[in-house]
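Following: one structure in structure tokens, then a few remarks.
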Amino acid sequence: MAAHTYIAISELHPNFSHPKVAGIVICKSDVKSFPDRKNIGTDRFTCGFTVKDSPDFFINVTAWGNDGYINGLSNSFSVGDCVTIENPLVASKDPEKGDKFCPTTPSLYRLMVTEAHSQVLLCADVDTIDRLLPLIHMPVKDSRDFYSLGDIVANGQKLDGMVINVLAAVKSIGEPKQFTTSDRRKGQRLEVKLFDDSVSSFPLICWDREAIQLVQTLIPKETVLFIADTKISFDSFRNGMAATVNSKTIITVNPDTREGSLLFSYAKEVSESGALDQDEKPEDVTVDSITDVYTVSQLKEKSQDNPEAFFGITYSFISKLDLDSSVSKVIKNRCSRCRFQATEDMQSCTNQFCPGRDQVFSATAGFDLLVDFTDHTGTVHACNLRSPVAEKTLGCTVKEERCITITSWKYYTWKFLLERCKIYVKIFPSTKTKSGIRGVILDCSLADPGEVKQHMSALLQRP
């Protein structure tokens, strides 16, 4: 089907006969049912979505029908898909009825779809798809019209009940929680933690199944969101503010805007520095309290099932320990207070979360190594081994390192490459490493052979 046969959303009018519209789905609501007043004892089903065909124009679409048709339609596409809508009814919006609970659109109209008269299909025209796909990254509101998380926290309860726009990065995504209401309706809830350069953690609550499915596809610390029309409320349980995704909210993932790009760069920098890990749970864990033993494959499996950080012990060989690199790669300066990476000539810490930003800046030098460890089940790549753990492991301080010869470093390297080690590690899910997980080594020492044999036997007996 040629692109010129479609009618632009900006040109739609109720007088059109058999209109055809193409657009990219930017928002989608859950399927709902209501008692059918014309057919007592049966239900009518409905679902809604919003499509966009240009940077400035988008429109709401509502479908009505029986259970099979509506659920089948809803399952046939997702947010980000390009669809064609054939022969919808173009109706004027009614702000006091259904449109009150739909996203605010620039169009004067809405589209109505029924099984008998209309069709909604995935778009098959390549040129049309190529034209529409970039629109998914364009916010539906002015890219400068948003509150930072710091603005929300500063205003506090003055914003309670208000609907605003928010620009923030995704810090972590929780697990969906299922529940049953007092009238026996089933529901779900998922919490996303957001951050920006002013606030390290802020809750975003999702109740809608479609919204939950969308955010579950996002990559924490690598995703920026422009959240249009989210409701801000005071959460008495947290004693703080929280944002909620509602039926009017449209989420733009990784917005193609200057503000979005700046925040994305910041999120990448702060994530790579490890500064965000400072307040990730679990945190207050001592090495002595870590008792669970894993093989490498078991670490990977648990990480896939558990989006949160966890701790464990592994008996593995250090398979890569690059001590032959330049000093700038092996030793790095970090802020003495927040451990954010710094350069020797810096006058202040660049970490917005640093508790000592207004104080005299001081930095300390320490080892900052990337280590691979391997056992008979696989390898974990690019784990952080930093001071003071690195100094204890190597038996060498940073000052001593500057005087050590290459021959001596080779001794340190082979010392670990040839022996099995007992490694205490904190594990995070990651999309940046070959192994799919990222680790921070909390302690590493040569393992006692008897202890290794005992634990390896126990691991082999696990189901």
Side-chain angles (χ1 to χ4, degrees), residues 9-10 12 21-32 45-64 70-71 73-85 88 91 93 95 97-113 120-123 129 132-143 145-146 163-168 170 188 190 192 204-218 223-231 243-257 260:
I9 291 173
S10 60
L12 283 170
V21 177
I24 188 165
V25 179
I26 60 173
C27 179
K28 192 172 170 219
S29 65
D30 285 356
V31 171
K32 297 179 177 63
F45 288 77
T46 183
C47 68
F49 56 100
T50 306
V51 295
K52 188 174 189 176
D53 72 346
S54 66
D56 299 319
F57 282 92
F58 49 100
I59 193 169
N60 292 323
V61 185
T62 304
W64 288 91
I70 295 300
N71 276 290
L73 175 64
S74 180
N75 293 331
S76 67
F77 62 87
S78 304
V79 171
D81 285 339
C82 299
V83 298
T84 60
I85 307 167
K93 290 198 291 191
K97 292 186 178 180
D99 293 288
K100 182 179 180 181
F101 305 103
C102 296
T104 301
T105 67
S107 175
L108 297 174
Y109 308 106
R110 57 192 171 108
L111 301 181
M112 306 289 290
V113 171
V120 179
L121 304 170
L122 289 173
C123 184
I129 293 172
L132 294 174
L133 282 178
L135 301 177
I136 195 68
H137 298 294
M138 295 185 182
V140 297
K141 300 291 184 75
D142 186 331
S143 64
D145 178 19
F146 64 87
V163 175
I164 63 173
N165 308 322
V166 175
L167 179 71
V170 176
Q188 60 284 316
L190 181 141
V192 180
L204 173 71
I205 312 300
C206 301
W207 301 95
D208 200 84
R209 186 176 291 104
E210 291 290 344
I212 289 175
Q213 290 177 355
L214 172 63
V215 300
Q216 284 182 310
T217 66
L218 307 179
T223 306
V224 171
L225 304 178
F226 188 101
I227 311 168
D229 292 334
T230 181
K231 186 176 180 180
T244 303
V245 176
N246 58 62
S247 61
K248 298 181 73 69
T249 304
I250 296 181
I251 298 175
T252 302
V253 178
N254 289 331
D256 186 12
T257 65

Worksheet entry | Nearest-0.5 Å distance that lies between atom OG in Ser247 and atom CD in Glu210 | 13.5 Å
Worksheet item: Does the pair Val61 and Val120 meet the rule for a side-chain contact (heavy atoms from CB on, under 4.5 Å), with working shown?
Response: CA-CA 10 Å; Val61 185; Val120 179; 5.6 Å; no
Item to complete: Would you name the heavy atoms of Phe226 and Ser143 that are closest together and state the gap between them?
Response: CE1-O, 3.9 Å
Practice prompt. Could you pull out the closest heavy-atom pair between Ala228 and Asn165, with the gap in Å?
Written response: CA-OD1, 3.4 Å
Fill in: Gap separating the CG atom of Leu122 from the CD1 atom of Ile129, nearest 0.5 angstrom
8.5 Å
Worksheet entry | Any side-chain heavy-atom pair of Cys47 and Asp30 under 4.5 Å | no
Fill in: Pair Thr249-Asp229, side-chain donor/acceptor within less than 3.5 Å
no
Response to the item:
Between Ile250 and Cys27 the two heavy atoms that sit nearest each other are CG1-CB, 4.0 Å
Worksheet item: Is any side-chain heavy atom of Asp256 less than 4.5 Å from a side-chain heavy atom of Pro134?
Response: no
Worksheet item: Should Phe146 and Lys141 count as side-chain neighbours, where that means a heavy-atom distance under 4.5 Å?
Response: no
Fill in: Considering all heavy atoms, the nearest Leu135-Ser54 contact
CD1-N, 3.4 Å
Worksheet item: Just wondering, do Ile24 and Cys82 contact through their side chains at under 4.5 Å, heavy atoms?
Response: yes
Practice prompt. Calculate, to the nearest 0.5 Å, the distance between atoms CD1 and CG belonging to Ile26 and Leu132 respectively.
Written response: 11.5 Å
Worksheet entry | From CG (Asp145) to CG (Leu167), nearest 0.5 Å | 11.5 Å
Fill in: Side chain to side chain, Ile85 and Phe49, heavy atoms closer than 4.5 Å
yes
Worksheet item: Does Thr46 use its side chain to pair, donor to acceptor, with the backbone of Ala63 at less than 3.5 Å?
Response: yes
Practice prompt. Could you please spell out the steps behind the side-chain contact (heavy atoms from CB on, under 4.5 Å) verdict for Thr252 and Thr257?
Written response: CA-CA 11 Å; Thr252 302; Thr257 65; over 6 Å; no
Worksheet item: Closest heavy-atom contact between Met112 and Ala91?
Response: CG-CB, 4.4 Å
Worksheet item: With a 4.5 Å limit on heavy-atom distance, are the side chains of Val170 and Val192 in contact?
Response: yes
Worksheet entry | Check: Ser29 side chain, Gly48 main-chain N or O, donor-acceptor pair, under 3.5 Å | yes
Fill in: Atom of Phe58, atom of Thr104 and distance for their closest heavy-atom approach
CE1-O, 3.3 Å
Discussion item. Are the side chains of Thr223 and Val253 in contact, using a 4.5 Å heavy-atom criterion?
Written reply: yes
Worksheet item: Just wondering, more than 12 heavy atoms not from Asn71 lying within 6.0 Å of its CG?
Response: yes
Discussion item. Around atom NZ of Lys231, are there more than 12 heavy atoms from other residues, nucleotides or ligands closer than 6.0 Å?
Written reply: no
Worksheet item: Are any of the side-chain heavy atoms of Ser78 and Val25 separated by less than 4.5 Å?
Response: no
Worksheet entry | Interatomic distance, Asp208 atom CG to Leu190 atom CG [nearest 0.5 angstrom] | 12.0 Å
Worksheet item: If you round to the nearest 0.5 Å, how far is CZ of Phe101 from CG of Asn246?
Response: 11.0 Å
Item to complete: Report yes or no: does Lys52 contribute a side-chain atom to a donor-acceptor pair with the main-chain N or O of Met138 at less than 3.5 Å?
Response: yes
Item to complete: Keeping the roles fixed (side chain from Lys93, backbone from Ser107), state whether a donor-acceptor pair exists under 3.5 Å.
Response: yes
Item to complete: Answer yes or no: is there a donor N or O on one side and an acceptor on the other, between the side chain of Asn60 and the main chain of Thr50, under 3.5 Å?
Response: no
Item to complete: Look only at the side chain of Lys28 and the backbone of Phe77, and say whether a donor-acceptor pair between them is shorter than 3.5 Å.
Response: yes
Worksheet item: Any donor-acceptor pair under 3.5 Å linking the side chain of Gln188 with the backbone of Trp207?
Response: yes
